[in-house]
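Okay, structure first, notes after.
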Amino acid sequence: MFNIFKVIGVSMFPKYRPNEYVVTFKTRSLKQDDVIVFKDNSENQVIKRIKAINEKGFIVKSDNKSYPSSLHDEIFALDKIDGKVIFKF
């Protein structure tokens, strides 16, 4: 299934800029460094890069090194992933 999400914020700058849109595809074929949209623990949709992934969950990171995020050290369940980013416009 495909979905479209609007990029908000600068955590993934410069690759993904605020007000751009990304297309995601729901897949189980995910690996380190894939960019995904997922729901955080507050059910907000977030775009991040996978830092590590295994059968128990995943950890994310931002592309913008000057942007601190409280999400970086959390382990999220795989069912929180809305999709893998496959295109931006």
Side-chain angles (χ1 to χ4, degrees):
M1 172 146 86
F2 295 95
N3 284 302
I4 297 174
F5 297 96
K6 184 177 183 178
V7 176
I8 299 172
V10 296
S11 70
M12 295 299 288
F13 186 84
K15 177 79 174 171
Y16 300 92
R17 298 171 183 269
N19 299 316
E20 288 183 330
Y21 290 87
V22 295
V23 177
T24 64
F25 179 69
K26 186 75 171 177
T27 179
R28 293 178 187 223
S29 178
L30 296 165
K31 63 186 182 318
Q32 183 179 344
D33 289 325
D34 283 344
V35 176
I36 59 170
V37 173
F38 70 100
K39 289 184 182 75
D40 67 11
N41 293 329
S42 299
E43 296 298 309
N44 297 312
Q45 289 174 315
V46 182
I47 181 171
K48 295 286 185 204
R49 190 172 299 280
I50 296 174
K51 181 178 180 178
I53 187 167
N54 62 33
E55 65 280 346
K56 295 180 182 179
F58 63 97
I59 299 171
V60 296
K61 62 182 178 179
S62 299
D63 283 359
N64 187 345
K65 304 298 183 215
S66 63
Y67 184 83
S69 176
S70 61
L71 302 176
H72 291 177
D73 295 324
E74 291 189 50
I75 299 173
F76 295 94
L78 295 174
D79 64 359
K80 293 281 194 177
I81 298 174
D82 289 319
K84 176 180 175 178
V85 174
I86 58 170
F87 183 77
K88 71 172 183 170
F89 60 99

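In this chain, residues are counted from 1 in sequence order.
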Next on the checklist: Main chain of I75, side chain of K56: is a donor-acceptor contact present, judged purely on distance under 3.5 Å?
Outcome noted: no
Checklist outcome for this item: In short, L78 meets N54 closest at the heavy-atom pair CD1-O, 3.7 Å
Checklist entry - D40: what forms a salt bridge (charged side-chain N to carboxylate O under 4.0 Å, His left out) with it, not counting sequence neighbours? => result none
Item to check | CE on M12 to CD on E20, rounded to 0.5 Å | outcome: 11.5 Å
Item to check | Audit row: V60, K51, side-chain contact (heavy atoms from CB on, under 4.5 Å) steps and yes/no | outcome: CA-CA 5 Å; V60 296; K51 181 178 180 178; 5.8 Å; no
Next on the checklist: Would you say that V7 contacts R17 through its side chain, given a criterion of any heavy-atom pair below 4.5 Å between the two side chains?
Outcome noted: no
Next on the checklist: On a heavy-atom basis, which atom in K84 and which in L30 lie closest, and how many Å separate them?
Outcome noted: CB-CD2, 3.8 Å
Next on the checklist: Taking F2 as the starting point, is it possible to reach V85 by hopping between hydrophobic residues whose side chains are less than 4.5 Å apart?
Outcome noted: no
Checklist entry - Are K39 and D82 close enough, and set up right, to give a side-chain contact (heavy atoms from CB on, under 4.5 Å), and what steps lead you there? => result CA-CA 7 Å; K39 289 184 182 75; D82 289 319; 2.7 Å; yes
Checklist entry - Any side-chain heavy atom of F5 sitting closer than 4.5 Å to one from I47? => result no
Next on the checklist: Are more than 12 heavy atoms, taken from residues, nucleotides or ligands other than D73, located less than 6.0 Å from that residue's CG atom?
Outcome noted: no
Next on the checklist: As a quick check of understanding, evaluate side-chain contact (heavy atoms from CB on, under 4.5 Å) for I81 and F76, giving each step before the final call.
Outcome noted: CA-CA 9 Å; I81 298 174; F76 295 94; over 6 Å; no
Checklist entry - If two hydrophobic side chains count as joined below 4.5 Å and joins carry through other members, does F25 share a cluster with F89? => result yes
Checklist entry - Should Q45 and K6 count as side-chain neighbours, where that means a heavy-atom distance under 4.5 Å? => result no
Checklist entry - Among pairs that include at least one residue of residues 21-30, which meet side chain to side chain donor-acceptor pair (under 3.5 Å), considering only residues two or more places apart or in two chains? => result none
Checklist entry - Applying the 4.5 Å side-chain criterion to the ILVMFWY set and letting contacts propagate, would V35 and F58 be lumped into a single cluster? => result no
Item to check | Validation row: S11, S69 side chains within 4.5 angstrom (heavy atoms) | outcome: no
Item to check | Least distance between heavy atoms, K15 atom then D63 atom | outcome: CB-OD2, 3.8 Å
Checklist entry - In Å and rounded to the nearest 0.5 Å, what is the CD1 to CG distance from I59 to L71? => result 12.0 Å
Next on the checklist: Please tell me whether V37 and V46 are part of a single hydrophobic cluster in this structure, the criterion being side-chain heavy atoms less than 4.5 Å apart.
Outcome noted: no
Checklist entry - Do K48's NZ or CZ and the ring of F38 fall within the cation-pi criteria of under 6.0 Å and 45°? => result no
Checklist entry - Nearest heavy-atom pair of S62 and Y67: which atoms, and what distance? => result OG-CD2, 4.2 Å
Next on the checklist: Working note: R49 + D33, criterion side-chain contact (heavy atoms from CB on, under 4.5 Å); need CA distance, chi angles, decisive distance, verdict.
Outcome noted: CA-CA 6 Å; R49 190 172 299 280; D33 289 325; 3.8 Å; yes
Item to check | Minimal non-hydrogen separation, N64 against V10, with atom names | outcome: ND2-O, 2.9 Å
